[in-house]
Trainee: 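I have a structure I would like to understand better, so I am pasting it below and will then ask my questions one at a time.
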Number of protein chains: 2
Amino acid sequence: MADSHAGHDHVWADDLTRNQELVLGTLAHATAPLSAYDILDRLRDEGLRAPLQVYRALDKLTERGLAHRLESLNAFVCCADAHCHGDGGSTAFAICDRCGKVEEFAEPAIDSKLRSWSKASGFVPARMTIEIRGLCKECSASRGP
Amino acid sequence: MADSHAGHDHVWADDLTRNQELVLGTLAHATAPLSAYDILDRLRDEGLRAPLQVYRALDKLTERGLAHRLESLNAFVCCADAHCHGDGGSTAFAICDRCGKVEEFAEPAIDSKLRSWSKASGFVPARMTIEIRGLCKECSASRGP
DNA sequence: GTCTAGACGTAATGTTATAACGTCTTGATC
DNA sequence: GATCAAGACGTTATAACATTACGTCTAGAC
């Protein structure tokens with residue numbers, strides 16, 4: 001059994017476990033953020049049965065920057081930007097409240113402002129959450145004048 | 001019965017309902033963010049019995065900017081800054097993971113950066129969430145070298 | 001071979017949030 | 001003053017999100 005992970009169409013890292021690969025693969029194919037339970041439902045056929053199996057995989061994936069948690073949604077997305085893997089930098093997300101689409105972007109100036117505020121205040125930052133909720137270009141176009 | 005809300009030590013607005021006043025008062029006296037269920041527990045003696053009573057009050061209070069929801073904590077704080085009431089501007093929070101203390105601050109430059117990204121992308125922002133998790137000055141001092 | 005660290009599986013439970021219903025008060029209108 | 005609509009309220013039930021606790025299995029270090 002040389003390759004126990006056969007059948008997958010993409011490899012993100014060489015040392016993911018089976019559950020981690022399944023969860024990341026599910027996120028990668030999704031067009032909108034998925035909750036842990038959404039992911040679980042999509043992986044029942046692969047043998048996953050308990051939330052904890054998903055949460056454990058998500059913990060590792062988010063630690064490594066391969067996936068992100070959207071706090072304002074209690075949901076997860078696949079990382080869209082190879083650059084952000086593992087760096088401590090802040091990533092920002094724009095989340096469409098209508099279609100669910102998420103755009104991931106980095107604004108170094110924002111990161112820098114938050115860090116300078118922290119330094120001035122004596123606060124030692126560990127992680128930053130930056131999320132904008134609203135309507136994406138397409139959804140706002142199909143609604144307003 | 002000219003004053004049905006007698007017995008409270010502070011008035012934030014003249015048109016809060018009893019439940020809204022109770023919830024806001026509880027948040028105002030807390031030294032750390034409270035979950036809706038924390039608030040409920042502290043208001044049992046006042047007659048509150050169901051989560052929805054608290055959630056409904058919190059909805060109104062956050063709409064008006066009198067309280068804030070911390071997304072990364074699923075908890076709530078009293079607004080610390082009279083200026084931010086009701087304006088659409090983004091407020092940022094630094095949350096100490098050790099002692100729970102929350103510092104609320106405004107960085108207009110961040111707000112401005114996020115808005116300019118939105119404009120450039122065609123995204124129409126409705127609300128922004130900016131939260132830093134880490135250690136406050138005191139807690140980092142009592143831990144580090 | 002033995003030990004340990006880490007991933008895993010499972011069951012049970014804890015925590016956060018909302019749906020669905022009917023009632024009550026208030027204020028506008030006729 | 002009767003009627004009506006809007007909004008806050010109270011209650012029950014349930015949905016959705018997340019973790020604790022426990023035992024097993026495997027791979028690598030020694």
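Throughout, protein chains are lettered first and strands after them, A, B, ... in sequence-line order, and every chain is numbered starting at 1. Remember, predicted model here, so these are calculated numbers, not experimental data. All heavy atoms count here, side chains included; hydrogens, waters and symmetry mates do not.
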Trainee: Would you please say whether a donor-acceptor pair under 3.5 Å links the side chains of B/R98 and B/S142?
Mentor: yes
Trainee: On DNA chain C, compare the nucleotides closest to A/L52 and B/L52; which residue's is nearer the 5' end?
Mentor: A/L52
Trainee: Would you please determine if the base of C/dT18 is stacked by B/Y55, with stacking meaning a centroid separation under 5.5 angstrom and planes under 30 degrees?
Mentor: no
Trainee: At 4.0 Å (heavy atoms only), tell me whether A/A36 reaches a base, stays on the sugar-phosphate, or touches nothing.
Mentor: nothing
Trainee: If the threshold is 4.0 Å, N to carboxylate O, is there a salt bridge linking B/D15 and B/K60?
Mentor: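 B/K60 and B/D15: not salt-bridged.
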Trainee: Taking N and O atoms by type only, does the side chain of A/R56 place a donor or acceptor under 3.5 Å from a partner on the base of C/dG9?
Mentor: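 Such a pair is found, so the answer is yes.
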Trainee: For A/H68 and A/F93, run ring-ring contact (aromatic ring centres under 6.0 Å, His included): C-alpha distance rounded to whole Å, both residues' side-chain angles, the deciding distance at 0.1 Å, then the answer.
Mentor: CA-CA 10 Å; A/H68 299 289; A/F93 301 90; 5.1 Å; yes
Trainee: To the side chain of B/R49, which of C/dA7, C/dT10, D/dT11 is closest?
Mentor: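 Looking only at heavy atoms from C-beta outward on B/R49, the closest nucleotide is D/dT11.
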Trainee: In this structure, how many angstroms lie between the C1' atom of C/dC24 and the CD atom of B/Q53, rounded?
Mentor: 14 Å
Trainee: Provide, to the nearest angstrom, the distance between the CG atom belonging to A/L73 and the C1' atom belonging to C/dT16.
Mentor: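 After rounding, the gap between these two atoms is 15 Å.
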Trainee: Would one find a side-chain N or O of A/S35 under 4.0 angstrom from OP1 or OP2 of D/dC17?
Mentor: yes
Trainee: Provide, to the nearest angstrom, the distance between the CZ atom belonging to B/R18 and the P atom belonging to C/dT26.
Mentor: 15 Å
Trainee: Nearest-nucleotide wise, let me know which of B/N74 and B/A50 is further upstream toward the 5' end of DNA chain D.
Mentor: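 In this pair, the answer is B/A50.
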Trainee: Which whole-number value in Å describes the distance from A/Q20 CD to C/dG9 P?
Mentor: 11 Å
Trainee: For B/L40 and C/dT15, what is the distance between atoms CG and P respectively, to the nearest whole Å?
Mentor: 13 Å
Trainee: Check this for me: does any side-chain nitrogen of one of A/R42 and A/D38 sit under 4.0 Å from a carboxylate oxygen of the other?
Mentor: no
Trainee: Ignoring the backbone of B/N19, work out which of D/dA18, C/dA7, D/dG10 is nearest its side chain.
Mentor: D/dG10
Trainee: So, are B/R69 and B/E71 salt-bridged, with charged N and O less than 4.0 Å apart?
Mentor: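 Salt bridge flag = yes for B/E71 with B/R69.
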Trainee: Can you measure A/E63 atom CD to C/dG6 atom C1' for me and round it to whole angstrom units?
Mentor: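 Rounded to the whole Å, the gap is 12 Å.
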Trainee: Could you state the atom-to-atom distance from CD of B/E46 to P of D/dG10 in whole Å?
Mentor: 12 Å
Trainee: Separation of B/K60 atom NZ from D/dC9 atom P, in whole Å?
Mentor: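 About 9 Å, once rounded to whole Å.
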Trainee: Go through C/dT16, D/dC17, D/dT11 for me and flag the one nearest to the A/Y37 side chain.
Mentor: D/dC17
